[in-house]
Amino acid sequence: LDVTGTSTVAANVSSSGNQTYGGAMTLANDLTLTSATGTVSLQGVTGGTKNLTVAGNAEFNGIVTGVNDLAVTGTTLLSNSLTTSGSQSYTGLVTLKSDVTLAGTTATFGGGVDGDGNDLTLTFNGLLSLGGGTFTDIDNLLVNGTGTTSLSGTITTLATQTYGNAVSLTGATELTGTLVTFTSTVDGNTNSLKVTGAAAVNDTISDVTTFQVTGTSTVAANVSSSGNQTYDGAMTLGNNVNLESTTGTVELNGVTGADKSLTVTGNADIQAAIAGVSTIQVTGTSTVAANVSSSGNQTYDGAMTLGN
């Protein structure tokens with residue numbers, strides 16, 4: 001099926017091969033466009049608060065406005081930003097052909113995202129689910145809605161990742177980028193979290209099993225884990241901070257205190273110098289292999305082992 005001009009569609013359309021709508025489409029009813037083996041190519045859609053389902057692969061080359069719920073069961077190619085008043089569901093892989101902003105109430109990406117070197121901004125006011133697929137080759141990823149973001153698996157960006165709303169982990173999670181920023185809380189739900197790159201922790205991280213940052217970190221809020229916390233790069237304190245590990249060890253490879261206090265609730269392994277803190281307290285055992293300087297008290301409640 002090939003429509004070269006505009007179209008008003010009030011009933012479902014099914015084909016074995018491609019459907020190409022060369023002009024803008026107006027939805028007159030809730031619609032399902034089905035392509036068994038081809039692609040449904042849309043130059044633009046005016047939804048009229050109707051629902052649109054593409055059963056098969058979809059290609060969006062124009063502006064989509066006014067759609068309520070949008071669902072694609074196959075792969076999706078996006079060349080423009082897309083806003084819905086309701087949900088968005090992408091079962092297959094989503095590929096970006098330009099910088100894209102997606103906005104709506106809730107969203108699910110079951111097949112992941114191939115960014116193709118482009119930026120992706122996600123603005124959803126309900127649950128945003130990023131998991132179950134591979135997220136690669138995105139340049140900058142920005143999540144800035146008022147809802148909650150559910151994370152699991154691996155998300156890789158060429159540059160930054162910024163999570164502006166509350167994050168909930170539903171499985172082991174690894175975030176790889178130049179800088180990963182958590183502006184709001186992270187609830188680990190007894191899952192592990194690894195940041196491959198630099199990290200900025202601006203609100204509480206809690207209930208993770210383990211937490212690791214391979215690059216430098218700026219920590220302005222408390223972090224609690226059941227197991228190890230490993231900070232491979234130098235840490236800068238942005239606030240008075242408590243790093244709590246109930247059964248593991250907090251490994252520190254350098255801390256700049258900025259006259260803030262540092263508490264390790266649990267065991268500590270200090271492998272590089274700590275300087276500029278106001279006070280430091282370790283409630284468990286400590287292994288100290290580098291100098292520690294503070295303007296105020298230093299309290300080591302458990303046994304200390306000197307590593308140097």
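These numbers come from the heavy atoms of this one structure, side chains and all, not from hydrogens, waters or symmetry mates.
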Query - Any donor-acceptor pair under 3.5 Å from Thr73 side chain to Gly56 backbone - result: yes
Query raised in the report: Is it the case that Asp259 and Ser278 place a side-chain donor and acceptor less than 3.5 Å from each other?
Result: no
Requested in this report: Tell me yes or no: between the side chains of Ser85 and Asn68, is some donor less than 3.5 Å from an acceptor?
Outcome: yes
Query raised in the report: When you measure from the side chain of Ser81 to the backbone N and O of Thr101, does any donor-acceptor pair fall under 3.5 Å?
Result: yes
Query raised in the report: Side chains of Asn242 and Thr263: donor-acceptor distance under 3.5 Å anywhere?
Result: no
Query raised in the report: So how far is it from Thr170 OG1 to Asn189 CG, rounded to the nearest 0.5 Å?
Result: 8.0 Å
Query raised in the report: Under 3.5 Å, is there a donor-acceptor pair between the Asn125 and Thr146 side chains?
Result: yes
Query raised in the report: Out of curiosity, Asp137 CG to Asp116 CG, how far, rounded to the nearest 0.5 Å?
Result: 6.0 Å
**Report entry** Beyond-backbone contact of Leu151 with Leu175, side-chain heavy atoms, under 4.5 angstrom
**Finding:** yes
Report task. Consider only side-chain heavy atoms of I, L, V, M, F, W and Y, link residues closer than 4.5 Å, and tell whether Ile63 and Leu31 are in one cluster. Result -> no
Query - Path from Leu93 to Val100 over hydrophobic side-chain contacts below 4.5 Å - result: no
Report task. May I ask you to check whether Asn57 and Thr75 show a side-chain donor-acceptor distance below 3.5 Å? Result -> yes
**Report entry** Partner of Gln212 under side chain to side chain contact (heavy atoms under 4.5 Å, CB included), chosen from Thr214, Val208, Thr210
**Finding:** Thr214
Requested in this report: Report the C-alpha distance between Val186 and Phe211 in whole Å, list the side-chain angles of each, state the deciding distance to 0.1 Å, and finish with yes or no for side chain to side chain contact (heavy atoms under 4.5 Å, CB included).
Outcome: CA-CA 11 Å; Val186 177; Phe211 180 55; over 6 Å; no
Query raised in the report: Does any N or O in the side chain of Gln88 come within less than 3.5 Å of the main-chain N or O of Ala103, such that one atom is a donor and the other an acceptor?
Result: yes
Query raised in the report: To the nearest 0.5 Å, how far apart are CG in Leu78 and CG in Leu96?
Result: 6.0 Å
Side-chain donor-acceptor contacts of residues 153-160 below 3.5 Å, not counting sequence neighbours, with atom names and distances?
{"residue": "Thr157", "atom": "OG1", "partner": "Ala159", "partner atom": "O", "Å": "2.9"}
{"residue": "Thr157", "atom": "OG1", "partner": "Gln161", "partner atom": "NE2", "Å": "3.4"}
{"residue": "Thr157", "atom": "OG1", "partner": "Thr176", "partner atom": "O", "Å": "3.3"}
{"residue": "Thr160", "atom": "OG1", "partner": "Asn140", "partner atom": "OD1", "Å": "2.7"}

**Report entry** Atom pair OH (Tyr163) and CG (Asp203), whose distance is rounded to the nearest 0.5 Å
**Finding:** 16.0 Å
**Report entry** Heavy-atom closest pair, residues Thr196 and Glu174
**Finding:** OG1-OE2, 2.8 Å
Report task. Evaluate the side-chain proximity of Thr185 to Ser206: yes if any heavy-atom separation is below 4.5 Å, no if none is. Result -> no
Report task. Ignoring hydrogens and angles, tell me if any N or O in the side chain of Asn61 forms a donor-acceptor pair with the backbone of Gln43 under 3.5 Å. Result -> no
Report summary line: In short, ring pair (Phe, Tyr, Trp, His ring centres under 6.0 Å) pairs touching residues 56-93 with sequence neighbours left out are Tyr90-Phe109
Query raised in the report: Side chains of Glu244 and Asn222: closer than 4.5 Å at any heavy-atom pair?
Result: no
Query raised in the report: So if you build clusters from Ile, Leu, Val, Met, Phe, Trp, Tyr with side-chain heavy-atom gaps below 4.5 Å, do Leu70 and Val13 land together?
Result: yes
Requested in this report: For residues Leu33 and Met25, determine if any side-chain heavy atom of one lies less than 4.5 Å from a side-chain heavy atom of the other.
Outcome: yes
Query - Other residues, nucleotides, ligands: >12 heavy atoms within 6.0 Å of Asp301 CG - result: yes
Query raised in the report: Is the closest side-chain heavy-atom distance between Leu102 and Val94 below 4.5 Å?
Result: no
Query raised in the report: Is the backbone N or O of Ser192 less than 3.5 Å from a side-chain atom of Thr209, with the two atoms forming a donor-acceptor pair by type?
Result: yes
Query raised in the report: Got a second to check how far Ile270's CD1 is from Asn308's CG, nearest 0.5 Å?
Result: 12.5 Å
Query raised in the report: Donor-acceptor pair, Ser35 side chain versus Gly17 backbone, under 3.5 Å?
Result: yes
Requested in this report: Show the numbers, then the answer: is there a side chain to side chain contact (heavy atoms under 4.5 Å, CB included) between Thr236 and Thr216?
Outcome: CA-CA 8 Å; Thr236 301; Thr216 60; over 6 Å; no
Query raised in the report: Is Leu120 reachable from Phe135 through a run of I, L, V, M, F, W or Y residues, each pair having side-chain heavy atoms under 4.5 Å apart?
Result: yes
Query - Distance, nearest 0.5 Å, that separates OG1 of Thr230 from CG of Asp269 - result: 9.0 Å
Query raised in the report: Does the side chain of Ser87 pick up a donor-acceptor pair with the side chain of Asp69 at under 3.5 Å?
Result: yes
Requested in this report: May I have the step-by-step check of side chain to side chain contact (heavy atoms under 4.5 Å, CB included) for Leu237 and Val277, ending in yes or no?
Outcome: CA-CA 8 Å; Leu237 301 184; Val277 294; 4.1 Å; yes
Query raised in the report: Do the side chain of Asn228 and the main chain of Thr249 share a donor and acceptor less than 3.5 angstrom apart?
Result: yes
Query raised in the report: Should Leu77 and Lys97 count as side-chain neighbours, where that means a heavy-atom distance under 4.5 Å?
Result: yes
Query raised in the report: If Ile, Leu, Val, Met, Phe, Trp and Tyr residues are connected whenever their side-chain heavy atoms lie under 4.5 Å apart, and connections chain through other members, are Val264 and Val288 in the same group?
Result: yes
Query raised in the report: For Asp99, which residues count as a salt bridge (Lys or Arg N to Asp or Glu O under 4.0 Å) partner, sequence neighbours excluded?
Result: none
**Report entry** Exercise: identify the closest heavy-atom pair between Ser168 and Thr148
**Finding:** CB-CG2, 4.2 Å
Requested in this report: Would you check if Val45 and Leu27 make a side-chain contact, meaning some heavy-atom pair closer than 4.5 Å?
Outcome: yes
Requested in this report: Would you sort out whether Ser226 and Thr190 count as a side chain to side chain contact (heavy atoms under 4.5 Å, CB included), showing the intermediate values?
Outcome: CA-CA 8 Å; Ser226 58; Thr190 67; over 6 Å; no
Query - Derivation and outcome, side chain to side chain donor-acceptor pair (under 3.5 Å), residues Thr95 and Asp114 - result: CA-CA 5 Å; Thr95 301; Asp114 179 356; 4.6 Å; no
Query raised in the report: Any luck finding a side-chain donor-acceptor pair between Asn165 and Thr149 under 3.5 Å?
Result: yes
Query raised in the report: Taking C-beta and beyond as the side chain, do Leu262 and Leu252 meet within less than 4.5 Å on heavy atoms?
Result: yes
Query - Donor-acceptor under 3.5 Å (Asn51 side chain, Asp30 main chain) - result: no
